Amino acid sequence: MQLKSLVAILPFFLAVAATPVQQATCSNGRTTANAQCCVWFDVLDDIQENLFDGGECGEEVHESLRLTFHDAIGFSELLKLQGKFGGGGADGSIMHFSDIETAFPANNGVDDIVDAQRPFAIKHQVSFGDFIQFAGAVGVSNCPGAPRLEFLAGRSNVTKPSPPDLVPEPQDSVVKILARMADATFSPNELVALLASHSVAAQDHVDPIIHGSPFDSTPGLFDTQFYIETLLQGDVIPGPDGLQVGEVQSPLQGELRLQSDGALARHPITACEWQSFVNDQSRMATKFRAAMSKMAILGQKRSALIDCSDVIPVPKPNAKTPSLPAGKTMHDIEKSCLIKPFPTLSADPGPETSVNPVPPS
Ligand code: HEM
Ligand SMILES: *[C@@H]1O[C@H](CO)[C@@H](O)[C@H](O)[C@H]1NC(C)=O
């Protein structure tokens, strides 16, 4: 063959090499790398429409994201070392054995989302463990600024109830929380990254009178405001009934600060990682994605699962610049990382306002 004709067919070989192997076509012409992932497009359509109110970053999304943690964190290396059942991790046990697990005090309120999700998992014949992690990944993709999370499918539908006392509570000390997370194989930095989830979060059960009060001023955006606002001096008691167990003073009317978030933001072990996210959306999203990939398969074997990540929608970017809420100045920041300067942030214009609750749907 002449050199000239070789050169002529070279682009053809390159094009073939660049095409992923075994692309499968699923419903509505959508494609995925693995035919076994097709079912997840049908689950996607169903939950976006009928669980997440047409693709919002609202209450069900927040609760679904929380559920990924409360299922997965039922995992203990220590119990295993003691020869006991250490929990199955991200195994769906919280849905299989919801009568047992949602009665754990730290799982207060998760029964609502477990009951809302279960019929979808049964209808589509996917395992409860897979469904919980899928719903979290799809849900957070509705929040502008979120990373596109990894989603691996194939968790068994057979498991045992989690042992009690493995889910951290907001009134726990930093040392207790870090020890619990370490027992579940997470470093302090990984916990700080996972807490980006509290950027799209509100509470209903810490202080029930102020139902829906968010942890930052932008609960519909996966942004860095949570890391900024938890470092502001707390001078507000948001509820009419005073501070509750696990709650500390917040910087804004309508916003609730968990004791654990306030303490982790200020603790020497976690303060610098916390500060590193304050004005770095891409660092926050990247570290959150990595930690979520690990959390989603706690207790599972990665090699036994199928990668269906290409079913997860690509989230919209977050257009908001990190800022101080209106009425705040840099003097209100309780700088806790001693070895790095705090980035300069400007305040939103106008007088100090209050934060609206996340509406129930
Ligand atoms: C130190 C560990 C943690 C503690 C003490 C903690 C505690 C809490 C508490 C008390 C609430 C309010 C629940 C309610 O009253 O309705 C909450 C909400 C939430 N948590 Fe955490 N959390 C922790 C870690 C995590 C992690 C790792 C995730 C990651 C997925 C997560 C995701 C969420 C979300 C998304 C919500 C909002 C739920 C909603 O708006 O309905 N949390 N958390
Ligand atoms: C998973 O187990 C539940 C019972 O806990 C059952 O209702 C559901 O149909 C099972 N799903 C699959 C895919 O086997």
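Please read all numbers here as calculations on a predicted model, not as lab measurements. Each ligand, and each atom within it, is numbered from 1 in the order the structure gives.
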ILVMFWY network linking [X] to [Y], side-chain heavy atoms under 4.5 angstrom:
X    : Y    : value
L166 : I297 : no
Y227 : V200 : yes
L44  : L65  : no

Side chain, backbone, both or neither: which part of [X] has a heavy atom under 4.0 Å from ligand 1?
X    : result
I177 : side chain
S197 : both
L258 : side chain
D172 : neither
H198 : side chain
T68  : side chain

| task | Any chance you could measure I94, atom CD1, to H70, atom NE2, to the nearest 0.5 Å? | result | 7.0 Å
| said: Just verifying a value: how many Å separate S336 OG and F342 CZ, rounded to the nearest 0.5 Å? | reply: 8.5 Å
| request: Compute the shortest N/O to N/O distance between A202 and ligand 1 and return yes if it is under 3.5 Å, no if not. | output: yes
| request: State whether the shortest distance between N or O atoms of D204 and N or O atoms of ligand 1 falls below 3.5 angstrom. | output: yes
Proximity winner for [atom], if only heavy atoms of [options] are counted:
atom                    : options                : answer
atom 35 (C) of ligand 1 : R180, H211, H62        : H62
atom 4 (C) of ligand 1  : G139, A263, P168, G212 : P168
atom 30 (C) of ligand 1 : V61, D261, L65, D112   : L65
atom 5 (O) of ligand 2  : H124, H96, M95, R118   : H96
atom 12 (C) of ligand 1 : Q203, Q259, E169, E190 : Q203
atom 36 (C) of ligand 1 : G136, P208, A201       : A201

More than 12 foreign heavy atoms under 6.0 Å from [atom1] of [X]: is that the case here?
X    : atom1 : result
K176 : NZ    : no
L338 : CG    : no
D165 : CG    : no

Provide, to 0.1 Å, the distance between [atom] and the closest protein heavy atom, together with that atom's residue and name.
atom                    : value
atom 41 (O) of ligand 1 : E63 CG, 3.2 Å
atom 9 (O) of ligand 2  : Q125 NE2, 3.6 Å
atom 24 (C) of ligand 1 : F69 CE2, 3.4 Å
atom 34 (C) of ligand 1 : R66 CB, 3.6 Å
atom 11 (C) of ligand 1 : F215 CZ, 3.8 Å

| request: Examine ligand 1 and decide if any of its atoms is less than 4.0 Å from a heavy atom belonging to G246. | output: no
Which atoms of ligand 1 have any heavy atom of [X] under 4.0 Å away?
X    : result
L195 : 23 (C), 24 (C), 25 (C)
L194 : 27 (C), 29 (C)
S260 : 5 (C)
H205 : 14 (C), 15 (O), 16 (O)
V206 : 10 (C), 15 (O)
P170 : 5 (C), 10 (C)

| message | Tell me if a side-chain donor or acceptor on R155 pairs with a main-chain N or O of Q133 at a distance below 3.5 Å. | response | no
| query | Is the backbone N or O of T102 less than 3.5 Å from a side-chain atom of D111, with the two atoms forming a donor-acceptor pair by type? | reply | no
| Centroid-centroid under 6.0 Å between F226 and F277 rings | no
| query | Which of the atoms in ligand 2, numbered in the order shown and given with their element, are less than 4.0 Å from a heavy-atom of F128? | reply | 3 (C), 5 (O)
| request: Pull out every atom of ligand 2 sitting under 4.0 Å from any heavy atom of N157, numbered as shown with elements. | output: 1 (C), 2 (O), 3 (C), 8 (C), 10 (C), 11 (N), 12 (C), 14 (O)
| request: Identify whether NZ of Lys or CZ of Arg in K160 sits under 6.0 Å from the centre of the six-membered ring of F85 and within 45° of that ring's axis. | output: yes
| Once you find the SG atom in C37 and the one in C26, is the distance between them below 2.5 Å? | no
| task | Sequence neighbours left out, what passes side-chain contact (heavy atoms from CB on, under 4.5 Å) with A263? Give chain and number order. | result | V174
| Inter- and intrachain pairs under side-chain hydrogen bond (donor to acceptor under 3.5 Å, both in side chains), touching residues 284-306, at least two apart | E150-S293, E150-R302, E190-K294
| request: Classify the ring geometry between F151 and W40 as parallel (under 30°), tilted (30 to 60°) or perpendicular (over 60°). | output: perpendicular
